[in-house]
Amino acid sequence: MNESVEGAGFAELVHRQLGAFSRRQALLHGVSDRTLATRLRSGRIQRIYRGAYASFSGPVPWETRVWAAWLAYGPDAALGGETALRQYGLTGDWPTEPIHLELPHYRRVRRQPGIVVRRSHDFGNRLLGNREPPIVRLEVALLTVASRRSTTDGALSVLLDACRQHRTTPQRLLSELSRLPNLPRREHIAHVLRDADAGVESWLELVYLRKVERAHRLPAATRQAAETLGGTTIRRDCRYDEFGLIVELDGRAGHADVTSQWRDMARDNAAAINAKVTLRFGYQLAGNPCAAAAQVAAVLTLRGWRGTPTPCSPTCSVSSASRRGA
């Protein structure tokens with residue numbers, strides 16, 4: 001940009017917006033449509049969306065594209081959905097395209113390629129403070145994204161992963177959920193969040209709680225119990241202290257590389273030295289929870305549990321294990 005024409009103020013504005021600016025902003029700073037057209041033809045600037053530009057040629061970084069999308073619909077617009085989660089830095093496979101925006105319900109706008117627009121009745125109450133560009137609160141974005149996932153498991157993973165990353169809490173999500181009475185899957189999400197409040201931190205842990213422990217009426221484990229190993233504080237997924245049994249649930253994250261596998265072996269060996277048994281289950285647990293329940297029940301029985309596991313169906317493998325006296 002030529003500061004002698006539009007002044008340093010415009011250059012500072014464009015810099016703050018990571019190279020993006022709107023036609024309206026350009027006109028307010030003395031840059032005419034004719035000048036914009038000339039700069040477009042010469043390649044000094046490029047149009048990103050209708051009414052929104054980048055002040056440079058070449059590839060456009062995602063952050064600049066986000067600014068341009070907001071400028072195309074602002075100022076009463078906010079980053080939402082997967083775009084908000086990516087902007088918050090939440091770990092996950094969030095797409096860079098399209099850009100997701102939220103608008104007040106009363107606005108009627110022309111849709112543009114590469115931007116998904118959703119309107120909300122309580123737009124003003126969904127925003128986080130005075131951010132620029134505006135963004136919906138993290139909990140709003142999480143619940144919105146979860147409710148739109150094509151599968152129930154996908155919806156639950158979004159929420160539980162955010163809690164596991166300590167970016168939010170089940171209590172905060174439940175509080176936000178109470179303000180979203182029309183959210184799809186609302187009751188199911190509430191049920192999951194109450195389980196998360198009891199210590200469940202991943203989809204696999206939720207499967208274990210519901211389909212292994214509860215479905216077969218096994219004793220209730222202590223979840224995410226902290227203990228010290230080699231001067232380092234670690235947490236156990238499920239611990240049955242009375243019976244010296246530890247159950248670890250190995251999802252894809254945090255267990256795939258060699259270093260993590262060595263860490264897991266060290267934990268199991270340390271437990272064995274202290275006369276504790278460790279059972280470790282992976283994602284196969286979801287396909288055959290009854291087999292896992294039979295193994296857990298067998299170890300609990302060997303270690304003094306006087307209860308009896310309950311088969312969850314006529315074909316449940318817990319039934320045959322019980323008849324064998326396991």
Side-chain angles (χ1 to χ4, degrees), residues 1 6-29 31 36 45-148 158 162 165 167-168 172 176 179-180:
M1 289 294 180
E6 50 263 13
F10 187 52
E12 292 172 2
L13 174 69
V14 173
H15 178 74
R16 178 161 50 85
Q17 296 173 170
L18 305 181
F21 67 94
S22 69
R23 173 178 176 269
R24 180 176 178 273
Q25 289 175 331
L27 294 176
L28 288 173
H29 286 82
V31 183
L36 287 176
I45 65 174
Q46 56 184 310
R47 181 183 288 110
I48 309 303
Y49 303 109
R50 189 185 308 114
Y53 303 84
S55 61
F56 51 84
S57 60
V60 180
W62 180 79
E63 294 82 359
T64 302
R65 192 171 294 277
V66 167
W67 267 104
W70 176 73
L71 289 168
Y73 285 95
D76 53 342
L79 309 183
E82 288 85 349
T83 301
L85 297 182
R86 188 179 182 91
Q87 187 81 338
Y88 277 118
L90 194 74
T91 301
D93 188 20
W94 316 120
T96 57
E97 293 285 350
I99 305 298
H100 292 261
L101 296 177
E102 287 200 17
L103 303 177
H105 185 74
Y106 61 81
R107 285 195 62 188
R108 297 293 184 269
V109 296
R110 293 173 62 186
R111 301 302 175 101
Q112 298 199 50
I115 302 177
V116 172
V117 173
R118 289 183 171 85
R119 296 177 295 126
S120 57
H121 287 281
D122 58 342
F123 173 78
N125 295 325
R126 296 161 71 92
L127 306 185
L128 175 68
N130 296 317
R131 289 280 292 264
E132 194 177 51
I135 188 170
V136 301
R137 290 191 301 278
L138 174 62
E139 288 73 23
V140 171
L142 283 167
L143 291 167
T144 302
V145 169
S147 71
R148 295 199 301 255
V158 169
Q165 294 175 43
R167 299 302 304 274
T168 187
R172 294 210 297 265
E176 195 66 62
R179 293 188 282 269
L180 302 171

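Keep in mind it's a predicted model, so treat the numbers as computed, not measured.
Remark: Arg50 engages no residue in a side-chain hydrogen bond (donor to acceptor under 3.5 Å, both in side chains) (not counting sequence neighbours). Checked against side-chain hydrogen bond (donor to acceptor under 3.5 Å, both in side chains), Arg16 has the following partners two or more places apart in sequence or in another chain: Glu132. When the side chain to side chain contact (heavy atoms under 4.5 Å, CB included) test is applied to Pro61, the partners found at least two apart in sequence or on another chain are Phe56, Glu63, Thr64. Taking Glu97 as the reference, Arg65 meet the side-chain hydrogen bond (donor to acceptor under 3.5 Å, both in side chains) condition, with sequence neighbours excluded. Among residues two or more places apart in sequence or in another chain, the side chain to side chain contact (heavy atoms under 4.5 Å, CB included) test is passed with Arg23 by Leu27, Asp33, Leu36, Tyr53. Scanning for salt bridge (charged side-chain N to carboxylate O under 4.0 Å, His left out) contacts around Arg47 gives an empty result, with sequence neighbours left out.
The structure places CH2 of Trp62 at 8.5 Å from OG1 of Thr96, a figure rounded to the nearest 0.5 Å. Note that CZ of Arg107 is 8.5 Å distant from CZ of Phe123, once rounded to the nearest 0.5 Å. Taken to the nearest 0.5 Å, the CG atom of Leu13 stands 8.0 Å off from the OG atom of Ser22. Here the straight-line distance linking atom NE2 of His15 with atom OG of Ser55 works out to 10.5 Å at 0.5 Å rounding. In this structure, the separation between CD on Glu102 and OG on Ser120 is 4.5 Å, given to the nearest 0.5 Å. Atom CD of Glu82 is separated from atom OG1 of Thr144 by 9.5 Å, given to the nearest 0.5 angstrom.
Put simply, the side chain of Gln112 never gets that close to the backbone of Ile115: no donor and acceptor are under 3.5 Å apart. Checked by atom type and distance alone, the side chain of Trp70 pairs as donor or acceptor with a backbone atom of Ala77 at under 3.5 Å. A donor-acceptor pair under 3.5 Å is absent between the side-chain atoms of Arg148 and the main chain of Gly81, judged by distance alone. Between the side chain of Arg86 and the backbone N or O of Trp94 there is at least one donor-acceptor pair closer than 3.5 Å. Side-chain N or O atoms of Trp67 include none that pairs as donor or acceptor with a backbone N or O of Leu18 at under 3.5 Å.
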Exercise. Give the C-alpha distance, both sets of side-chain angles, the deciding distance and a yes or no for side-chain contact (heavy atoms from CB on, under 4.5 Å) between Val109 and Leu103.
Key: CA-CA 9 Å; Val109 296; Leu103 303 177; 3.8 Å; yes
Self-check item: Verdict with reasoning, His100 to Leu79, per side-chain contact (heavy atoms from CB on, under 4.5 Å)
Solution: CA-CA 6 Å; His100 292 261; Leu79 309 183; over 6 Å; no
Quiz item: Between Leu127 and Ile135, does a side-chain contact (heavy atoms from CB on, under 4.5 Å) hold up when you go through it step by step?
Solution: CA-CA 6 Å; Leu127 306 185; Ile135 188 170; over 6 Å; no
Quiz prompt | Verdict with reasoning, Phe21 to Phe10, per ring-ring contact (aromatic ring centres under 6.0 Å, His included) | solution = CA-CA 9 Å; Phe21 67 94; Phe10 187 52; 5.5 Å; yes
Practice problem: Assess whether side-chain contact (heavy atoms from CB on, under 4.5 Å) is satisfied between Val140 and Leu128, documenting all intermediate values. | Solution: CA-CA 10 Å; Val140 171; Leu128 175 68; over 6 Å; no
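Between Thr83 and Val66 the shortest side-chain heavy-atom distance falls below 4.5 Å. Residues Pro104 and Arg119 have side chains not in contact (no heavy-atom distance under 4.5 Å, counting atoms from C-beta outward). The closest side-chain heavy-atom distance from Asp122 to Arg126 is below 4.5 Å. The shortest distance between side-chain heavy atoms of Tyr49 and Ile99 falls below 4.5 Å. Tyr106 places none of its side-chain heavy atoms less than 4.5 Å from the side chain of His121. A 4.5 Å side-chain heavy-atom check between Leu142 and Leu90 finds at least one atom pair inside the cut-off. When side chains are defined from C-beta on, Val116 does not count as touching Leu101, because their heavy atoms never get closer than 4.5 Å.
For the residue pair Glu139 and Thr168, a side-chain donor N or O sits within less than 3.5 Å of a side-chain acceptor on the partner.
Gln25 and His29 get closest at one heavy-atom pair: O-ND1, 2.9 Å. Taking both residues in full, the closest heavy atoms of Pro75 and Pro134 are given as O-CG, 4.4 Å, listed atom of the first, atom of the second, then distance. Closest approach of Arg110 and Tyr73 over heavy atoms only: O-OH, 2.6 Å.
Salt-bridge check for Glu176 with Arg137: passed, with a basic side-chain N closer than 4.0 Å to an acidic carboxylate O.
Atom CZ of Arg108 is surrounded by more than 12 heavy atoms from other residues, nucleotides or ligands within 6.0 Å.
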